[in-house]
Amino acid sequence: MESYELYCLADRLFYDTPANRGAEHPDFAQASRPVPAGWQHVAGEMWMHYAPDGLRLPAQGWKVHVSAGLADAERVLDAVWDYCVPRGIAFKFLRNEPVLVMVNSKSAPRGSSGKLVTIYPTDEAQLELVLKELDDLLHGVRGPYILSDLRYAEGPLFVRYGAFVSRYTLDAAGDRVLALEDDHGRLVPDHRSPTFSVPPWVRLPSFLASHLEARNAVTTNDLAYTIDGVIQFSNGGGVYLGHHNETQDRVVLKEGRPLAGLDMSGRDAVARIGHERDILQRLDGLGVVPKVHDYFTLGDHHFLVQEFVDANPLQRELVRRYPLTRPDASAADLAEYAEWATRMVTAVQQAVGQLHGRGVVFCDLHPDNVLLSTGDRLVLIDFEVATLAAEQARSALAHPGYAAPGDRQGTDVDLYALACITLGLFAPQATMLLNLHPGKAFQLAGMIAETFPVPRATLDAAVRTIVGPELTEDPEMAALPLPGRAGWTDVRAALTTAIVASATPERDDRLFPGDIAQFRPGGGINLATGAAGVLYALAKTGAGRFPEYEDWLREHALTTETGPGLYDGLHGVAHVLGELGHRQDALDAIDRTLADDLGSRELGLHSGLAGIGLNLLHFAATEPGLQGKAVRILDLVADRLGDVTDVPELSGEGKPRAGLMYGSSGPALLFLTAYERTGDTGLLDLAETALRQDLRRCIPTPDGTLQVNQGWRTLPYLEEGSAGIALVLSRYLQHRPDEKLATQLAALRLVTHCAYYVQPGLLMGRAGLLLTAAELGDSTDDLVRGLGWHALPYEGGLIFPGNQLLRLSTDLATGSAGVLLALGTALHERPVSLPFLGPPQWSESPSRRLPPKEV
């Protein structure tokens, strides 16, 4: 999983590639070395790639990873360059220190963290030589352990068997993933987990056997504690639930991995674990912190043993109690929650006051670090970055929704976080927006006061702490035409102003800033995150046509390397070009997809066969030569669909996902559309099977909704939740009424009656619920007005944050273009929808001339 934080390095307002980080974050000096004669160099977002001309690497094999802490990074890069170049060995390295810190930070993916350099030996003989010789050259270098690899000797070298080139297959969940070729010539998933493993058909080289034995020799058998389970993992180490072997007392063991889990000061997890021990000992005797029981090392890992507190995080209690994520919350529900939340704010303030009384600043105060026990005890946890008040320091690691700005030091850091908790308990995660525009606090307080019976003085005090006592309002927020408060045309004009102001036609990788997915191949042009989606929304909602931007898309559609998908590839681009009147460009884009190997494509609407088939059907209406290709897609999807019980009852987490974009509702939409054009009832049967597969993965909730079940959570959203299934099921029922399915539809569509969603976007946020409600003919007034929770000003216009709320976005899937399209679905005078949704396309075949009876 890619880290959103990594794409926050280059720009304060928009996600951007780390390659554009600017002069304040220069690349490593080695990245500026002249490329050797006879060598190729490719500069990527994160990696600098080097290989000799004409080198023929195998498609897969043993690769060498070199790990290094910040102090040794330059030495390692020099040594690897000087070793690999004369020997003609391909390699790559991370391009700068901020990227190295971010990929080895506490929140970085554990399976890939720790790597500074990757080296590609051509065979096992060269692998052995590289390891032996580099081990001598890098003697004394220290680096974090790469969890996915086998360590060679005691130094910074690690090995793993994996792919050298990108090939793809479908995994057990039906997702398209990177692949290896097994001993039978079949492509199988290239698993990249945070544990070392060797594919079953691969033999571990004999010279690595002793290193595997050394790795397996480290156990927890001699500890005074038994680990009973995992509370959580981070890249810095695990947090484990255990017990003392003699006393049987339950404890929490917190692990620190050396040189891993870096914070912005460059401190590793070991340094922070030791610091936390010292802080907790200073706070010993306070009931609001856990007691320290022990501290020990195992290998080179450090463990802090703390009192076990039987409690839930405040964040979990917030999610459980928050009334606005349940449909049609009553005034009594709101009052009950407001009373509880106000008590929680007071309790947290008192606990933090006790820390300050001992001269300690928490510096990482947020609802996940506040525990609430069944006996009403409140405990603050995770003191890794706490400071002494006398130091007047800032936090080196903090939750972005509660992190104080640069002008706050000492106890003011905690006071800022307390103010954010005050607002955040009523508007969950919305305090993330204060990093983008601090004046948003005024409007958040106003919306909270309109919604909950909470004293305005409490909210105003929090706002003054956040923005400063000298401001009484934010002029930009006050002048913003907000959905549901201003007219549709004014809101549309403001959204268009911001989208156009954000455009970067001088760039080749993207035209409009959006989600981090736009930096994958083709992400800057596609329907979900690229220019195609933005231009589609602008045109469909009457916001205007922009010839300069359409020309940019037409040009880049011919040259950008990408897949064939509807939302992430060329079929979506072709669809938009066709809708904009550039038909030949659209056909040229489709022609680029026809050589693709469809066997490795998933079934879904977003990237797979369902979306490709829908677009081929669309163009085949006027291009008969595409009819056969569309029919082939239909046959492939029908053959692979299976029966209702062939899918598990859970979605995701290694299992096939449900929903519109990745689940069976996408194939159902394909079969429905084909049925509407042909009248073939066999297609309607297939659509029913597909929909029942998705309904099998839904579960009733206590509030009466029917939502996609992921085991640990339920999902209402358009992408892989209730809303997307509801849209397709509603369309199916217009053709074939069914009382039981109609009852399930009523429970699915009930998710649009909630008043709060954490994100505003189309696929995973409020805008998608708005589009769903509008398509189904339900009330949309509250959904429209609720967009104000996330509305922000930009360049005289209106803009929205993207996924994770860390940066602004203008794309269709996550940002302002998606909000614009959803508002258009509800408010525009002409029908507006996503491609292939909207009113059914009734068949003109003799057997289906008349529309079906209404449900």
Side-chain angles (χ1 to χ4, degrees), residues 1-33 35 40-51 63 65-66 68 73 77 80 90-105 107-109 111-120 162-166 168 177-178 192 235 262 502 504 506-526 528-531 556 559-563 568-569 802-804 806-811 813-815:
M1 180 183 294
E2 292 174 283
S3 167
Y4 275 80
E5 288 82 359
L6 186 65
Y7 291 83
C8 293
L9 292 174
D11 192 291
R12 193 184 69 81
L13 292 179
F14 297 107
Y15 294 120
D16 205 349
T17 168
N20 292 335
R21 74 267 166 242
E24 68 274 16
H25 300 303
D27 286 335
F28 286 121
Q30 291 78 6
S32 300
R33 290 179 72 163
V35 179
Q40 299 175 359
H41 167 50
V42 177
E45 295 176 20
M46 296 170 50
W47 296 93
M48 307 296 277
H49 303 255
Y50 297 86
K63 58 183 75 174
H65 292 124
V66 188
L77 294 180
V80 168
F91 64 98
K92 68 178 181 180
F93 59 83
L94 292 177
R95 59 186 305 157
N96 59 54
E97 184 174 299
V99 171
L100 175 59
V101 170
M102 195 61 69
V103 300
N104 197 24
S105 66
S107 60
S112 58
S113 179
K115 303 167 188 174
L116 172 62
V117 178
T118 303
I119 300 171
Y120 299 93
F164 285 10
V165 297
S166 296
Y168 295 90
V177 296
L178 289 167
R192 303 187 177 197
N235 188 41
L262 301 181
S502 76
T504 54
E506 70 279 3
R507 291 177 62 156
D508 286 321
D509 59 341
R510 72 153 192 227
L511 176 57
F512 299 101
D515 189 68
I516 67 172
Q518 68 181 193
F519 300 109
R520 300 171 190 161
I525 66 169
N526 69 29
T529 59
H556 288 77
T559 58
T560 302
E561 291 299 322
T562 186
D568 69 344
N803 282 359
Q804 306 293 313
L806 293 168
R807 292 292 185 268
L808 304 172
S809 172
T810 62
D811 67 29
T814 72

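The figures here come from the full heavy-atom set of this structure, side chains too, leaving out hydrogens, waters and symmetry mates.
Minimum heavy-atom separation, Phe14 to Ser502: CZ-CB, 4.0 Å. Residues Ala73 and Leu100 come closest through the heavy atom pair CB-CD2, 4.1 Å. The shortest heavy-atom contact between His41 and His49 is ND1-O, 3.1 Å.
Separation of atoms OG1 (Thr17) and CE (Met46) is listed at 9.5 Å; rounding is to 0.5 Å. Residue Asp27 holds its CG atom at 5.5 Å from CE of Met48, rounded to the nearest 0.5 Å. Atom OG in Ser107 sits 4.5 Å away from atom CD in Glu5 (nearest 0.5 Å). Here the OG1 atom belonging to Thr560 is positioned 8.0 Å from the CG atom belonging to Asp508, to the nearest 0.5 angstrom. Rounded to the nearest 0.5 Å, atoms CG (Leu806) and CG (Leu13) are 12.5 Å apart. With values rounded to the nearest 0.5 angstrom, Leu116 atom CG is found 4.5 Å from Leu77 atom CG.
With hydrogens and angles disregarded, a donor-acceptor distance shorter than 3.5 Å links the side chain of Thr562 to the backbone of Pro521. Side-chain atoms of Thr529 come within 3.5 Å of backbone N or O of Gly523 as a donor-acceptor pair. For the pair Arg510 (side chain) and Asp16 (backbone), a donor-acceptor distance under 3.5 Å is absent. At distances below 3.5 Å, at least one donor-acceptor pair connects side-chain atoms of Ser113 with backbone N or O atoms of Val103. Between the Lys92 side chain and the Ala51 main chain, no donor and acceptor come within less than 3.5 Å of each other. Of the possible donor and acceptor atoms, none in the side chain of Arg95 sits under 3.5 Å from a partner among the backbone N and O of Ala43. Between the side chain of Thr118 and the main chain of Phe91, no donor-acceptor pair closer than 3.5 Å is present.
For Phe28 and Phe93, the ring centers are positioned 6.0 Å apart or more.
Scanning for salt bridge (charged side-chain N to carboxylate O under 4.0 Å, His left out) contacts around Glu561 gives Arg592, with sequence neighbours left out. Residues satisfying the salt bridge (charged side-chain N to carboxylate O under 4.0 Å, His left out) criterion with Asp509, sequence neighbours excluded, are Arg507. The salt bridge (charged side-chain N to carboxylate O under 4.0 Å, His left out) check on Arg33 picks up Asp78, Asp82, with sequence neighbours excluded.
Inspection of the Asp515 and Tyr4 side chains reveals an N or O donor paired with an N or O acceptor under 3.5 Å. For Gln518 and Tyr15, the side-chain atoms include no donor-acceptor pair closer than 3.5 Å. Residues Thr814 and Asp811 bring a donor and an acceptor atom of their side chains to less than 3.5 Å of each other.
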Practice task
Decide side-chain contact (heavy atoms from CB on, under 4.5 Å) for Ile119 and Val80; before the verdict, give the C-alpha distance in whole Å, the side-chain angles of both, and the deciding distance to 0.1 Å.
Solution key: CA-CA 9 Å; Ile119 300 171; Val80 168; 4.2 Å; yes
Handout entry: Criterion side-chain contact (heavy atoms from CB on, under 4.5 Å) on Tyr168 and Val177, from CA distance to verdict
Key = CA-CA 5 Å; Tyr168 295 90; Val177 296; 5.9 Å; no
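Counting heavy atoms from C-beta on, the side chains of Ser166 and Leu178 come closer than 4.5 Å.
Below 30°, between 30° and 60°, or above 60°: for Phe519 and Tyr7 the angle between ring planes is below 30°, a parallel geometry.
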